[in-house]
2 protein chains.
Amino acid sequence: MLTIGKLGKSAHVKVPTIRYYEQIGLLPEAERSSGNQRLYGRGALDRLSFIRHARELGFPLDAIRDLLGLSDRPDQPCDAVDSIAKAQLLAVEGRIARLLTLKSELERMVAQCAGGRVEDCRVIEVLGNHAHCAAEHGRDLKQVSE
Amino acid sequence: MLTIGKLGKSAHVKVPTIRYYEQIGLLPEAERSSGNQRLYGRGALDRLSFIRHARELGFPLDAIRDLLGLSDRPDQPCDAVDSIAKAQLLAVEGRIARLLTLKSELERMVAQCAGGRVEDCRVIEVLGNHAHCAAEHGRDLKQVSE
DNA sequence: TCTTAAACCTCTAGTTACTAGAGACATTAT
DNA sequence: ATAATGTCTCTAGTAACTAGAGGTTTAAGA
């Protein structure tokens, strides 16, 4: 049986994060020692590693919750799993495309800032110039998870 | 003079977002009509467009606050502006690299899921398999803004 | 066996950048 | 005059954690 600290170390997940996952129901409530400390078996390590790896791949917790649910029913066809992964792939591709545009705009900005005064700094100018945002009109600004 | 709604439309920023920017001090407190509604002039539109564009380029609000501060002092050298933009560029490049790795892993996963059972689904297996995460050990899982 | 340091516990609140909703007042158009 | 729309303030919610306070348990060393 592992304590929460060892579990965290094994899975490379911080202790408060594990408690948080338990709190939101991603991990089942842990057994407790006589002194009320959490104790974990092998299953918990697998599950937590799964979560961590999926998070690294950018899956949001909701998707991970679904995946975990599916992996508990191994006799089902795996279409659902597949489509979750595909959605994630699509999201990732979108983010890459956007970041590439962004990168070139930043490069242009930096290249043109030749150590002058703020007065004629291209960075400030580019950011202030509304004409530049033609292509991305409708897009909102909400943060997207990586 | 523009009402908050017109301003929002012109700058492509939602009304509550404008109020939020005022609240956190990114925009100065607006003039008010006799009936206490916010009124904005040309300057506000410029400033808000600047913010929106910078947000689109992935600058966090803190960086934008700095940039705005700098653009208010146009006689300074623009090293600071430049370094904010450079830092942003670096961050963006890092995110792109990471997302590309991620993308190929997801592609591999999806390609191998050939409509079988969850039981032998590669997606689930890859996510569960700890051996895959060799390269990215120390990395934490915190969300990163786009 | 005693002590003390490290690890654990719960709980609350903070983070980022907004978004949503309630209930009330203002403005504009018919 | 009235109805529709727009605006006001305020609170609370989102994702996915992180940080801190204040207290208990456990493991190791003397």
Side-chain angles (χ1 to χ4, degrees), chain A residues 1-27 29-40 44 48 51-66 68 88 91 95 139-146, chain B residues 1-27 29-40 44 48 50-68 88 91 95 139-146:
Chain A
M1 285 303 207
L2 302 165
T3 59
I4 197 169
K6 315 279 183 194
L7 176 67
K9 231 159 226 157
S10 307
H12 307 279
V13 173
K14 285 173 196 147
V15 167
T17 303
I18 298 173
R19 289 197 277 250
Y20 169 71
Y21 286 161
E22 178 181 312
Q23 192 192 306
I24 63 169
L26 263 192
L27 292 175
E29 293 195 11
E31 283 180 63
R32 299 297 183 114
S33 74
S34 56
N36 197 35
Q37 304 196 348
R38 288 172 181 82
L39 293 175
Y40 298 92
L48 184 55
I51 295 171
R52 138 131 175 143
H53 203 166
R55 285 293 298 130
E56 257 172 15
L57 290 171
F59 290 85
L61 292 183
D62 273 358
I64 296 174
R65 199 189 301 275
D66 291 348
L68 283 168
Q88 184 58 21
R95 269 175 250 156
R139 296 218 347 90
D140 72 356
L141 297 169
K142 207 182 20 177
Q143 294 296 108
V144 180
S145 69
E146 180 173 327
Chain B
M1 285 302 203
L2 302 165
T3 58
I4 197 170
K6 316 278 183 197
L7 176 68
K9 230 159 228 159
S10 306
H12 306 280
V13 172
K14 284 174 197 147
V15 167
T17 304
I18 299 174
R19 288 197 278 250
Y20 169 72
Y21 286 161
E22 178 181 312
Q23 191 192 308
I24 63 169
L26 263 193
L27 292 175
E29 293 196 12
E31 284 180 61
R32 299 299 181 114
S33 74
S34 56
N36 198 37
Q37 302 197 349
R38 287 173 182 82
L39 292 175
Y40 297 92
L48 185 54
F50 181 100
I51 295 170
R52 137 130 175 144
H53 203 165
R55 284 294 297 130
E56 256 173 14
L57 289 172
F59 290 87
L61 290 184
D62 273 358
I64 295 174
R65 199 188 303 273
D66 291 349
L67 288 170
L68 283 168
Q88 188 61 22
R95 270 178 250 156
R139 297 219 344 91
D140 74 356
L141 298 169
K142 207 186 11 184
Q143 293 298 108
V144 180
S145 69
E146 175 175 331

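In what follows, every chain begins at residue 1, and chains take the letters A, B, ... in the order their sequences are listed. Computed from a prediction, not measured in an experiment: that's the story for all the values here. Computed from heavy atoms alone, side chains included, the values below leave out hydrogens, waters and symmetry copies.
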Can you check the D62(A) CG to dA15(D) P distance for me, whole Å?
6 Å
Identify, between S33(B) and K6(A), the residue whose nearest nucleotide on DNA chain C lies closer to the 5' end.
K6(A)
d(OH, Y20(A); C1', dA13(C)) in whole Å
15 Å
Whole angstroms only, please: what is the CD-P distance between Q37(B) and dT7(D)?
7 Å
Could you tell me whether the phosphate oxygens of dC18(C), OP1 or OP2, come under 4.0 Å of any side-chain nitrogen or oxygen in K14(B)?
no
Euclidean distance, L7(B) CG relative to I18(B) CD1, rounded to 0.5 Å
4.0 Å
For the pair made of CD1 in I64(B) and P in dT16(C), what is the distance, rounded to whole Å?
13 Å
Could you tell me whether the side chain of R32(B) reaches within less than 4.5 Å of the side chain of L39(B), counting heavy atoms only?
no
When the distance from CD1 of I4(A) to P of dA7(C) is rounded to whole Å, what number comes out?
13 Å
Taking any heavy-atom pair under 4.0 Å as a contact, classify I24(A): base, sugar-phosphate, or nothing.
nothing
On the nucleotide dT18(D), are OP1 or OP2 found under 4.0 Å from the side-chain N or O atoms that T17(A) carries?
yes
Whole angstrom is fine here: how far is it from CG in L39(B) over to C1' in dA26(C)?
12 Å
Does the side chain of S34(A) get closer than 4.0 angstrom to OP1 or OP2 of dT25(D) through an N or O atom?
no
Nearest-Å distance for atom pair CG/P, residues L2(B) and dT28(C)
13 Å
Could you tell me the separation between the CD atom of Q23(A) and the P atom of dC17(D), rounded to a whole number of Å?
12 Å
When you check the phosphate oxygens OP1 and OP2 of dA7(C), does a side-chain N or O of R19(A) lie under 4.0 Å from one of them?
no
Are OP1 or OP2 of dT7(D) and a side-chain N or O of T3(B) less than 4.0 angstrom apart?
yes
Given 3.5 Å as the limit, does a donor-acceptor pair link the side chain of T17(A) with the main chain of V13(A), or not?
no
Could you check whether R38(B) pairs with E29(B) (Lys NZ or Arg NE/NH1/NH2 to Asp/Glu carboxylate O, under 4.0 Å)?
no
Need to verify one output field. Residue with the more 5' nearest nucleotide on DNA chain D, G35(A) or P16(A)?
P16(A)
Describe the nucleic acid contact of R38(B) in one word from base, sugar-phosphate, nothing, applying a heavy-atom distance below 4.0 Å.
sugar-phosphate
Using a cut-off of strictly less than 4.0 Å, decide whether Y21(B) has a side-chain nitrogen or oxygen near OP1 or OP2 of dC18(C).
yes
Respond yes when some side-chain nitrogen or oxygen of R65(A) is under 4.0 Å from OP1 or OP2 of dA16(D), and no when none is.
no
Among dC8(D), dA16(D), dC8(C), the one nearest N36(B) by side-chain distance:
dC8(D)
About how many Å separate OH of Y40(B) and CG of L27(B), when rounded to the nearest 0.5 Å?
6.5 Å
